[in-house]
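Everything below concerns the one structure shown next.
Sequence lines set the chain letters: A, B, ... in the order given, protein chains first and strands last, and positions in each chain run from 1.
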Protein chains: 2
Amino acid sequence: MTVENLQTRLAAAAERLDTVMAADLATVTNHRLKEVLEHALLAGGKRIRPLLTLLAARLTMAADQAAGAPAQPPASSGDPTALERLAIAFEYLHTASLLHDDVIDHAAQRRGRDTVNHRWDGSHAILAGDFLHARAMRLAGSHGGPPCLELIGTATEAMVAAEFLQAATARQRDWRQQTYFAVLDGKTAALIAAACECGAAATGGDHTQRRALRVYGANLGLAFQIIDDLLDFLGEPQATGKAAGNDLQEGKMTLPLLLAHERATADQRRWLERLLAAEPAQRRSELPGVRELLEQTGAFAACRAEARGLLEAGRAGLEIFPDGPERQLLQDLGDYVLRRDR
Amino acid sequence: MTVENLQTRLAAAAERLDTVMAADLATVTNHRLKEVLEHALLAGGKRIRPLLTLLAARLTMAADQAAGAPAQPPASSGDPTALERLAIAFEYLHTASLLHDDVIDHAAQRRGRDTVNHRWDGSHAILAGDFLHARAMRLAGSHGGPPCLELIGTATEAMVAAEFLQAATARQRDWRQQTYFAVLDGKTAALIAAACECGAAATGGDHTQRRALRVYGANLGLAFQIIDDLLDFLGEPQATGKAAGNDLQEGKMTLPLLLAHERATADQRRWLERLLAAEPAQRRSELPGVRELLEQTGAFAACRAEARGLLEAGRAGLEIFPDGPERQLLQDLGDYVLRRDR
């Protein structure tokens, strides 16, 4: 599938999920709360997490049918299905974490719009996040059952623990890949892995199927974030929607930097260490020099190779499922992550 | 039972629940996160919500036995039981909401100790609250099942909606009891009602038993808050641990004020309305005058009567259960709420 075709299919699926969320939010009676939730949720977005839940569920059902189980009846109307309601729980959880992150970071903009804490205030963002968290758990409990709740609870706890780990290690200038991946596992991979595994768990997937989808999701999440970290050095603001060099300015220890540090000469390494200890503005002003070092040490290429390796391992695990449109789409998503420029 | 005996029994039960929580928190590996959670959770407290879950569960099981079901085996060791793990979910949820409330209110002290946002910062309090919320849902899902999750999710959503309602109505000087009770239902009664009903739901209670315990819990919560609002006018700082007149200073429209307003002469009413529109410091300075008006109009007595009526209705509902120590303790709790001075 070409990237353009894939984007068209993803956009159509995202639109359908937006309809499901809008229908769910229609039950919120407090006017202001509803307004805040709609602002936070319905501002567009790729809806990758709920989409993964749906694809994982369909893949598991397709495997059942290939093994002789009766086919599920097709959805007969436009009403949201139980699986769609389970799926949007993952968009709610993701949005709840963004709402709280934006309060913590005092962020004023996200995806080109005012954040809730900027447009209203921090209390609106905290409470709206709590509401979405609670609603997500209700949806997951009703439509996914105890296994999904266990997965989601574990993922949310991992997200919080990773925030604490990141805060503790950020000021220590920890150059170890192990730390970088530990933070990434909790902050990004855990929820995406849970979104995939829940799709299988909710449709009676066995241990092997659940594990394959969990690993696929975790690796997709890691690769996505690695490419994100790469684009922060390379990206053009017109394409990414944000200025390059933000991570460098904030002193984030991302994989491109860690790999360059590993591969650099002793002199280059000292220069890099001094730069990371310098003032934010100075770090930003040195972006061209850092970019050159990353190029020269092969850090960019190594990052892409790391992301590609993760995606290939995740995709290979899906070979236990029968070939078909769901498996193809999940496998194509990997290429999309690798090729994306924003 | 005397109030002193009751307090001794409650303290012993609270100590046991502290042990269960400490054992659960021992599984948290991030050192700082664990420290924050212990600070927020293990600072003492009456543990009313989890205690209600345990009592409601035991009451439901006692009714089963009275109807001929085999007795449950007594807990054979000091290990936490599934019911105790379910119960602490309610202390976690309550604490999560306090953590977030303290960020929203910029509160520096709670129960005579530094708040988490004051001792560390707002991000610690937001994230620790999110962690407790997620952990509570996992505990409730594992040990209470889908009905408990549905109850907890609904209660949490009601808490958030009530915060929005309160914010919207606070500045409008809304003198209607209906608004006061709508806020109270969501902010205080919903979670206590859910704590009671979950005890019944987790032990196979039927619809009638669940409703009786839900109404008992909701009414206990309402009565508790009404007495709290009363003590804010009457309480001695030595006994309540906080200065009297805080609600008046903040301009909160609590039941004593609403009842005085209803019963006052036209002149007194205008004075009260002007006072509520005045500066906080002026409101506080008029505390003696307001207290006198509340006394003179019978607002204090009417508040106590309202609380007593709620408690009696809740207690009467428990008559469907067999008499015994659990029912007695739940019924005594009402007297304790009415007689408390802090």
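The shortest distance between side-chain heavy atoms of A/Val103 and B/Val103 does not fall below 4.5 Å.
Interface remark: of the candidates A/Ala155, A/Ala134, A/Gly122, A/Ala134 forms the most heavy-atom pairs closer than 4.5 Å to chain B.
Exactly one residue among B/Ile104, B/Leu99, B/Val160 makes a side-chain contact (heavy atoms from CB on, under 4.5 Å) with A/Ile126. That residue is B/Ile104.
At a 4.5 Å heavy-atom cutoff, the contact between B/Val36 and chain A is made by side-chain atoms alone.
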Just by distance, which donor-acceptor pairs between chain B and chain A come in under 3.5 Å?
| from | atom 1 | to | atom 2 | distance (Å) |
| --- | --- | --- | --- | --- |
| B/His100 | ND1 | A/Asp130 | OD1 | 3.1 |
| B/His100 | ND1 | A/Asp130 | OD2 | 2.7 |
| B/Asp130 | OD1 | A/His100 | ND1 | 3.1 |
| B/Asp130 | OD2 | A/His100 | ND1 | 2.7 |
| B/His133 | ND1 | A/His133 | ND1 | 3.1 |
| B/Arg135 | NE | A/Glu157 | OE1 | 3.3 |
| B/Arg135 | NE | A/Glu157 | OE2 | 3.0 |
| B/Arg135 | NH2 | A/Glu157 | OE1 | 3.3 |
| B/Arg138 | NE | A/Glu150 | OE2 | 3.3 |
| B/Arg138 | NH1 | A/Glu157 | OE1 | 3.0 |
| B/Arg138 | NH1 | A/Glu157 | OE2 | 3.1 |
| B/Arg138 | NH2 | A/Glu150 | OE2 | 3.0 |
| B/Ser142 | OG | A/Glu150 | OE1 | 3.4 |
| B/Glu150 | OE1 | A/Ser142 | OG | 3.4 |
| B/Glu150 | OE2 | A/Arg138 | NE | 3.3 |
| B/Glu150 | OE2 | A/Arg138 | NH2 | 2.9 |
| B/Glu157 | OE1 | A/Arg135 | NE | 3.3 |
| B/Glu157 | OE1 | A/Arg135 | NH2 | 3.3 |
| B/Glu157 | OE1 | A/Arg138 | NH1 | 3.0 |
| B/Glu157 | OE2 | A/Arg135 | NE | 3.0 |
| B/Glu157 | OE2 | A/Arg138 | NH1 | 3.2 |

